[in-house]
Amino acid sequence: MIYSRNAFSAAGEVPMVCVEHLEGAPLSFMTTAAALRMQSLTEPAAVIPTTTRTIKQFGRIQLPGAPWRYAVTSNGGNILVDGVPDVRWRIDVDAEVRAGGAALSEVSAELRARIDDSWVTKFRLADHLFCYLVVKPKAVPAGFLSDWDAWCRQRGWSASQQGRKIYTMPLAVCKSRAVAEVRRRLWETGELAGAAKTFAAGDGALDAEMLRSADFAIRPRHGELEQLNWTHPNLTITRATGILAGEEIINWFLESAPA
C-alpha cells in the first residue's frame, strides 16, 4: 500500500521511496523496506494490484514487482491484461450498470445540483463509470453523505467517503468480482492451483466486499474502515498506522504466502 506525505508522522526517520509522481512532483510513497519486500512477494504468489484509481491514475504508479500480468482498476470496472484494458470485461460491466439502475449522466447531474464550491474543490468523472468529489472534510454539510447514499441506493448506486474524496459508485462495479474473474483465468491457464487461497488488503468502504470475499484479509488501523470499526472473521488489523501499516501489510502477505 502507498501513502501520501500526510502519513509520514508515524514513520519518523524511516527510509522511504517515492512510487508516484504527479506533474513531476512526488506524491505517494512506501517505506524502502516495504518496496524491497514487495518485489519478492511476486515469487510465491500471483499479485494483482487492485484499486479504485482510474486507468490513467494507476499508470502514474511505479510499484515494485511490475510489470503486472493482471491489474484491476476503476474499482473493478476495468481489468488490465499486460497493461491493456480488457474490452470484453468492460462491455459486460457497462451492461450490468445499465441494467442495475440509473445512468452516470443522471447521477452526476443530481450530484452537481447538491454541491457547491464552499466545500467541494473538484468534481470528477472516472473512466465513464463513476464520479467522485474532492472535498474539504470539515466543511461537508452534516447529513450530506447519508442523504446522498440513500438517494443513490434507490437507483443502484452507493456513496462513500475516503479521506478527502466522496465516491459515487454503481453497485455493479465491485473489486471482488474483478478479482474473482482474474482468479478464474489464472486457474484455467494453470497459473494458479485450484486450492490456492486469496489474500487481500484494503482500507476503504469500497474495499469491504473484496476483503469479505477473500480467504484471508488485512486492513490498516486507519482509514475509512477503521472509522467504521469494520471487521470480519477472516480479517487481521495492523498494529501500526500510516505508512508503517503499509510495511506491516507487505510483511503479512509474505508470511502468509505459501512457500
Side-chain angles (χ1 to χ4, degrees), residues 1-4 6-7 9-10 28 49-53 72-77 100-101 107 111 114-115 119-122 124 126 129-180 198-250 252-253 256:
M1 300 180 72
I2 61 175
Y3 294 90
S4 59
N6 60 11
S9 57
S28 300
T50 302
T51 179
T52 304
R53 290 168 179 258
V72 173
T73 70
S74 322
N75 203 56
V107 173
L111 179 56
R114 293 173 178 245
I115 63 176
W119 57 280
V120 175
T121 60
K122 294 179 183 178
R124 292 287 186 267
L129 269 172
F130 60 93
C131 53
Y132 66 90
L133 308 174
V134 180
V135 302
K136 304 171 186 175
K138 294 182 179 179
V140 176
F144 167 78
L145 185 60
S146 58
D147 290 346
W148 176 234
D149 182 59
W151 186 93
C152 289
R153 295 275 175 181
Q154 296 173 5
R155 294 162 178 83
W157 291 62
S158 68
S160 64
Q161 185 167 356
Q162 179 73 23
R164 295 188 305 118
K165 292 182 178 179
I166 294 178
Y167 292 96
T168 304
M169 188 75 60
L171 296 176
V173 178
C174 180
K175 292 173 184 170
S176 62
R177 297 178 63 193
V179 170
T198 300
F199 299 81
D203 62 357
L206 292 173
D207 298 317
E209 181 57 34
M210 178 181 68
L211 299 181
R212 187 183 295 112
S213 300
D215 295 294
F216 303 96
I218 189 169
R219 69 165 176 83
R221 197 174 292 276
H222 66 252
E224 188 178 11
L225 292 180
E226 174 69 13
Q227 293 171 0
L228 295 171
N229 197 31
W230 188 87
T231 189
H232 191 267
N234 70 344
L235 183 72
T236 296
I237 302 173
T238 64
R239 296 180 298 276
T241 62
I243 198 168
L244 291 179
E247 183 175 315
E248 186 177 337
I249 288 169
I250 296 296
W252 177 86
F253 275 120
S256 303

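Note that the structure is predicted; figures quoted are calculated from it, not measured.
In this structure, R153 is not positioned above the aromatic face of W151 in the sense of NZ or CZ being under 6.0 Å from the six-membered ring centre and within 45° of the axis.
Sorted by first then second residue, the salt bridge (Lys or Arg N to Asp or Glu O under 4.0 Å) pairs that include residues 221-237, not counting sequence neighbours, are R219-E226.
Heavy atoms of other residues, nucleotides or ligands lying less than 6.0 angstrom from CZ of R164 number 12 at most.
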Distance-only criterion, 3.5 Å: show the donor-acceptor pairs between side-chain atoms of residues 133-148 and protein atoms not counting sequence neighbours.
| from | atom 1 | to | atom 2 | distance (Å) |
| --- | --- | --- | --- | --- |
| S146 | OG | G143 | O | 3.1 |
| W148 | NE1 | T168 | OG1 | 2.8 |

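Residues satisfying the side chain to side chain contact (heavy atoms under 4.5 Å, CB included) test with R124, not counting sequence neighbours, are K122, Y132.
Of all heavy-atom pairs between A245 and A240, the closest is CB-O, 3.4 Å. In plain terms, the two heavy atoms of E209 and C174 that are nearest each other are CG-SG, 3.8 Å. Residue G202 comes nearest to L225 through the heavy atom pair O-CD1, 4.2 Å, listed as atom of the first residue, atom of the second, then distance. The nearest pair of heavy atoms linking D203 to Q162 is OD1-NE2, 3.5 Å. Here the closest non-hydrogen pair linking L129 and G77 is CD1-CA, 3.5 Å. Here the closest non-hydrogen pair linking T231 and L235 is CA-CD2, 3.6 Å.
Looking only at distances, no side-chain donor or acceptor of D149 sits under 3.5 Å from a matching main-chain atom of S158. N234 places a side-chain N or O within 3.5 Å of a backbone atom of A214 that can act as its donor or acceptor partner. H222 contributes a side-chain N or O that, together with a main-chain N or O of G242, makes up a donor-acceptor pair within less than 3.5 Å.
The closest side-chain heavy-atom distance from L211 to W230 is below 4.5 Å. Side-chain contact between S74 and F130 is present, with heavy atoms from C-beta onward closer than 4.5 Å. At least one side-chain heavy atom of Y167 sits less than 4.5 Å from a side-chain heavy atom of L206.
Of the options T73, T51, T52, a side chain to side chain donor-acceptor pair (under 3.5 Å) to K175 is made by T52 and by none of the others.
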Practice problem: Apply the test side-chain contact (heavy atoms from CB on, under 4.5 Å) to residues W252 and T236: give CA-CA distance (whole Å), side-chain angles for both, the deciding distance (0.1 Å), then the verdict. | Solution: CA-CA 9 Å; W252 177 86; T236 296; 3.7 Å; yes

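Considering CD1 of I249 and OG of S256, their distance stands at 11.5 Å, rounded to 0.5 Å. Expressed to the nearest 0.5 Å, how far CZ of R212 lies from CG of D207 amounts to 11.5 Å. Taking CG of L111 as the start and CD1 of I166 as the end, the distance is 8.5 Å to the nearest 0.5 Å. To the nearest 0.5 Å, atom CZ of residue F253 and atom CD1 of residue I218 are 7.5 Å apart. From T241, atom OG1 reaches atom CD of E248 across 10.0 Å, with rounding to the nearest 0.5 Å.
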